[in-house]
Number of protein chains: 2
Amino acid sequence: MPTDAIETLLALAHAHAVAARALEVQGLSFGELRLLLALRASHPGGRRPTELARDLELTPSGVTRALLPLEKRGIVERERDPGDARASHAKLTAAGATLLDDAVGPAAERAARLLRRLSVGQTKQLQRLLEEVGR
Amino acid sequence: MPTDAIETLLALAHAHAVAARALEVQGLSFGELRLLLALRASHPGGRRPTELARDLELTPSGVTRALLPLEKRGIVERERDPGDARASHAKLTAAGATLLDDAVGPAAERAARLLRRLSVGQTKQLQRLLEEVGR
DNA sequence: GACAAGTATTTGAATAATCACATATAGTGC
DNA sequence: GCACTATATGTGATTATTCAAATACTTGTC
């Protein structure tokens with residue numbers, strides 16, 4: 001029989017699958033939304049792919065590949081780092097910022113709907129507990 | 001700014017990514033482990049792919065494709081449903097059951113490690129809260 | 001100031017999963 | 001028992017993501 005720890009992670013996987021499915025909005029997958037929110041939260045100069053990889057718990061390679069279609073759609077742009085020729089900085093374009101603003105409202109609605117059975121306090125507590133998982 | 005509901009789901013996605021990474025064991029991905037545990041929990045006659053899809057929050061197509069390599073490796077086998085020629089039943093082979101038994105111990109260790117900052121009560125609570133997400 | 005070791009990023013090949021559609025079968029109402 | 005609709009599953013094409021290796025650059029050390 002699975003332990004309590006495993007059962008909790010099974011519940012985590014299930015909830016995540018439901019959430020990822022529900023949070024597609026404005027042609028953005030949940031993963032893309034996460035990426036764009038991370039970019040918006042970063043310094044105006046942008047965020048390095050390696051940092052994004054850590055933030056989003058992706059591989060650097062995954063970040064490269066996630067950025068590509070967003071660049072093509074004009075949502076994200078990149079600049080070379082003047083001080084380190086290996087590195088670059090990704091940031092939202094103006095169009096990307098607008099798109100994100102438009103997406104956040106509907107996303108928030110759906111998120112609230114997913115969590116509708118939890119009180120505000122329980123939601124906050126869930127967040128705190130999740131933030132303890134894995135670090 | 002993202003709402004509390006969105007922030008909670010971001011924390012959920014992060015925790016899931018960490019967990020999925022950590023729970024690979026014995027050549028089984030976390031997804032495969034989930035599938036095998038679902039099979040083990042089902043009736044001895046096996047479980048229909050469609051039911052598995054619901055259990056695991058996958059598409060039926062995803063189940064078909066997840067089962068394929070497991071069948072090839074002799075971990076899972078399928079039987080046609082005698083009463084309904086459209087349907088089939090997937091179940092663990094003896095080798096699959098053994099492999100799963102061997103995988104559960106290490107998986108439980110890693111799961112416990114991920115949750116090491118939470119008390120037993122908090123873990124249980126996290127599980128309860130997660131089970132309220134999306135239904 | 002060359003050289004070893006480390007860091008940032010990309011790429012090719014592979015795995016996981018999706019969607020839209022195809023196929024086969026079942027169930028229902030007449 | 002036919003026509004319709006619904007259900008179970010599989011398939012082709014596409015997207016997301018990984019790992020291992022390649023490339024390009026930086027840094028520290030002697």
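Just the heavy atoms: all of them, side chains too, but no hydrogens, waters or symmetry mates, feed the values below. Letters go in sequence order (proteins before strands), and every chain restarts at 1.
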Whole-Å gap separating [atom2] ([N]) and [atom1] ([X]):
X     : N      : atom1 : atom2 : result
B/R73 : C/dT15 : CZ    : C1'   : 12 Å
B/L28 : C/dT15 : CG    : P     : 15 Å
B/H16 : C/dA17 : NE2   : P     : 9 Å
A/R86 : D/dT27 : CZ    : P     : 6 Å
B/L35 : C/dA17 : CG    : C1'   : 13 Å
A/E32 : D/dT14 : CD    : P     : 18 Å

Pair B/R116 + A/E132: basic N to acidic O under 4.0 Å: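 No, B/R116 and A/E132 are not salt-bridged.
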Nucleic acid contacts of residues 48-68 of chain A, taken as heavy-atom distances under 4.0 Å to DNA chain C: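 Under 4.0 Å from DNA chain C: A/R48, A/P49, A/T50, A/P60, A/S61, A/T64, A/R65.
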Sugar-phosphate, base or nothing in reach of B/R21, heavy atoms under 4.0 Å: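 Sugar-phosphate, backbone atoms only, no base.
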Touch class at under 4.0 angstrom, heavy-atom based, for A/D84 against every strand present: sugar-phosphate
Distance-minimising heavy-atom pair for A/L52 and A/A38: CD2-CB, 4.0 Å
Single hit among B/R40, B/R47, B/R48 for salt bridge (charged side-chain N to carboxylate O under 4.0 Å, His left out) with B/D55: B/R47
Phosphate contact (C/dT10 OP1 or OP2) by A/R78 side-chain N/O below 4.0 Å: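 Yes.
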